[in-house]
Amino acid sequence: MNKVQSYNIITLFCILIFGFAIATLISPDTEYSETENRTLSQMPEASLSSLTDGSFESDYEDYLTDQFVLRDEWIALKTNVERLAGRTSSNDIFFADDDYLIEAHTDTFTTDQAETNIQLLTQFVEKYEGTFGTGHMTVMIVPNAIDILRDKLPAFASPYDEGEYLEQIETVLEESLEAHVWFDARSVLQEHSEEEIYYRTDHHWTTLGAFYVYQAWAEAQGYTVPTADSYVVETVTEEFEGTIQSKLGIHTVTDSIELYLDPADPYYTVEKDGSGEISYSLYDYSALETKSKYDIFFGGNNALTQITTRAGTGRKILVVKDSYAHCFVPFLLSEFDEIDVLDIRYYNQEISGLIEEEGYTDLLFLYNASGFAEDTSLTKLLY
């Protein structure tokens, strides 16, 4: 190779490196990724404290990662190259059997945050154990696909045993409380692991998975136990591409979203975030025209959704939740006169005041395991 060729290669390399860097800096920042269904990092503000403690550097690195020019295309290229090379995982996601994309959740359950959240949940339940009484508080933390669909993982995959974390939560709750509050959703889902209880491209469980767990929970609570024939199952889309697939930047398969509708079409009203605007459905069909099709449930995340029914049972429940509850809550309509659905990630008022004012008879804490372990807002439970 002569000097001219060497200089040409160096010049091309510099153009690529500095060209993309300059393009990233001058291109307008994107606030939200429709593909990944999340808010992207924005340019951090520099201050003396952020510069000295290293937080600015960390935040700026996140900013560059999120705002890098042609980011989605580079992610897709990386994934495709890894698959062609025979890799069985990418970006902490396994390429599993039957076209499942399964998040590994590496290190999720061994962090200080994961341990802290167990203690916060325990303190929360201890605080209100006397308020609700035996049989009226339930902690339901739903395992992720990595735990239930282990048989579909690639050979030699060795993810952390999520079941150990769930058993740890159960043990701490049982040792700290007089009442039994833990509901074992894991055992229920394990019995149906050969069925489509998780989406192939998304991190949520399907409505079928939620239905099986509701059946078991309703029986444990002494409620009417529905059968599959109790509902009209409506497939509202077969073109759902979820958040896991989006993280990889590729298109593999599409999922179906199903709604379990009561044929009696019970009357209920829905109010979100105290807006005063009343709707008559838990489902936002307009979401089916967007990338975020799972938002058909509740229209996505809201701080407080208040549902009033004509069940006539005298029961009123508070559901403290993440988005795993969205396809579970509709099964509650026939058992509670009022259902308040609280997402503390977005709720900025005192939860103690809400519980005192509303006079709930029951409380359900429903999260998915990784979402619970990673949630940084659970300190609000004690306010």
Side-chain angles (χ1 to χ4, degrees), residues 37 88-89 93-105 140-154 157 159 162-163 166 183-219 225-248 250-262 282-283 285 287-288 291-298 321-331 366-371:
N37 191 27
T88 58
S89 66
I93 296 167
F94 288 113
F95 303 114
D97 292 345
D98 299 327
D99 295 315
Y100 277 90
L101 301 173
I102 299 179
E103 289 181 297
H105 298 298
M140 183 188 298
I141 299 184
V142 181
N144 304 106
I146 189 68
D147 182 51
I148 302 300
L149 305 184
R150 297 179 73 91
D151 290 343
K152 297 185 183 296
L153 296 178
E162 187 178 296
L166 295 176
F183 181 80
D184 184 11
R186 185 173 187 241
S187 295
V188 178
L189 293 173
Q190 284 174 329
E191 293 177 1
H192 300 279
S193 61
E194 296 302 315
E195 301 177 57
E196 294 187 7
I197 54 177
Y198 292 93
Y199 293 110
R200 285 173 168 79
T201 68
D202 193 67
H203 66 286
H204 291 99
W205 59 351
T206 63
T207 317
L208 178 63
F211 169 68
Y212 284 135
V213 171
Y214 177 75
Q215 276 187 313
W217 181 68
E219 182 176 11
V225 180
T227 64
D229 294 337
S230 303
Y231 303 97
V232 174
V233 179
E234 178 185 358
T235 301
V236 292
T237 182
E238 296 179 344
E239 302 297 327
F240 176 42
E241 294 180 289
T243 55
I244 302 179
Q245 187 162 273
S246 296
K247 288 180 181 179
L248 297 175
I250 59 175
H251 299 280
T252 55
V253 296
T254 58
D255 281 305
S256 298
I257 296 178
E258 295 179 336
L259 309 182
Y260 280 50
L261 305 174
D262 188 333
L282 293 174
Y283 306 111
Y285 285 85
L288 299 176
K291 176 70 171 64
S292 304
K293 290 179 171 54
Y294 188 79
D295 286 351
I296 186 173
F297 299 102
F298 287 82
K321 62 84 187 179
D322 67 7
S323 58
Y324 257 56
H326 290 188
C327 61
F328 185 93
V329 167
F331 295 116
L366 198 167
Y367 263 68
N368 80 90
S370 65

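Scope of the values below: all heavy atoms of this structure, side chains included, with no hydrogens, waters or symmetry mates.
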Worksheet item: Roughly how far, to the nearest 0.5 Å, is the CG atom of D98 from the CG atom of D151?
Response: 11.0 Å
Discussion item. Closer than 3.5 angstrom, by distance alone: can the side chain of T254 be matched with the main-chain N or O of E238 as a donor-acceptor pair?
Written reply: yes
Discussion item. Please find the pair of heavy atoms, one from L166 and one from A369, that lie closest to each other, and give the distance.
Written reply: CD2-CB, 4.0 Å
Discussion item. Counting C-beta onward and ignoring hydrogens, is there a side-chain heavy-atom pair between R150 and P159 closer than 4.5 Å?
Written reply: yes
Worksheet entry | Which atom of H192 lies closest to which atom of I197, heavy atoms considered | O-CD1, 3.6 Å
Worksheet item: Do V142 and V213 come within less than 4.5 Å of each other through their side chains, counting heavy atoms only?
Response: no
Worksheet item: How many angstroms lie between atom CD1 of I141 and atom CG of D184, to the nearest 0.5 angstrom?
Response: 11.5 Å
Worksheet entry | For E239 against T237, the heavy-atom pair lying closest together | N-OG1, 3.0 Å
Practice prompt. Give a yes or no on whether the backbone of E196 and the side-chain of T206 come within a donor-acceptor separation of less than 3.5 Å.
Written response: yes
Worksheet item: When rounded to the nearest 0.5 angstrom, what distance separates CD in E103 from CD1 in I146?
Response: 9.0 Å
Item to complete: Fit a plane to each ring of W205 and F328, take the angle between them on a 0 to 90° scale, and name the class: parallel (under 30°), tilted (30 to 60°) or perpendicular (over 60°).
Response: parallel
Discussion item. Testing the basics here: between V253 and T201, what is the closest heavy-atom pair and its distance to 0.1 Å?
Written reply: O-CG2, 3.5 Å
Worksheet item: Between F94 and A157, which heavy-atom pair has the shortest distance, and what is it?
Response: CE2-CB, 3.7 Å
Worksheet item: Between F297 and V329, is any pair of side-chain heavy atoms under 4.5 Å apart?
Response: no
Discussion item. Taking H251's backbone N and O only, do any of them form a donor-acceptor pair with E241's side chain (distance below 3.5 Å, no angle check)?
Written reply: no
Worksheet item: Is the closest side-chain heavy-atom distance between F331 and W217 below 4.5 Å?
Response: no
Worksheet item: If you round to the nearest 0.5 Å, how far is CZ of R186 from CG of N144?
Response: 11.5 Å
Discussion item. Are S323 and F298 packed together at the side-chain level, in the sense that at least one heavy-atom pair is separated by less than 4.5 angstrom?
Written reply: no
Item to complete: I would like to know whether F211 and C327 meet side chain to side chain contact (heavy atoms under 4.5 Å, CB included); could you show each step before the answer?
Response: CA-CA 9 Å; F211 169 68; C327 61; over 6 Å; no
Worksheet entry | Minimum side-chain heavy-atom gap I244-Y100 below 4.5 Å | no
Discussion item. Side chains of I102 and Y198, heavy atoms from C-beta outward: is any pair under 4.5 Å?
Written reply: no
Discussion item. Once rounded to the nearest 0.5 Å, what's the spacing between atom NE2 of H204 and atom OG1 of T243?
Written reply: 7.0 Å
Fill in: Check: Q215 side chain, P226 main-chain N or O, donor-acceptor pair, under 3.5 Å
yes
Worksheet, complete the sentence: Nearest heavy-atom approach of K291 to G242 is NZ-O, 3.9 Å
Fill in: Separation between CG of D202 and CD1 of I257, rounded to the nearest 0.5 Å
8.0 Å
Item to complete: Ignoring hydrogens and angles, state whether a donor on the side chain of Y212 or E191 is under 3.5 Å from an acceptor on the partner side chain.
Response: no
Worksheet item: Quick one: are Y214 and V188 in side-chain contact, heavy atoms under 4.5 Å?
Response: no
Discussion item. Around atom CD of E258, are there more than 12 heavy atoms from other residues, nucleotides or ligands closer than 6.0 Å?
Written reply: yes
Discussion item. Side chain to side chain contact (heavy atoms under 4.5 Å, CB included) for H326 and K321? Distances and angles first, verdict last.
Written reply: CA-CA 9 Å; H326 290 188; K321 62 84 187 179; 2.7 Å; yes
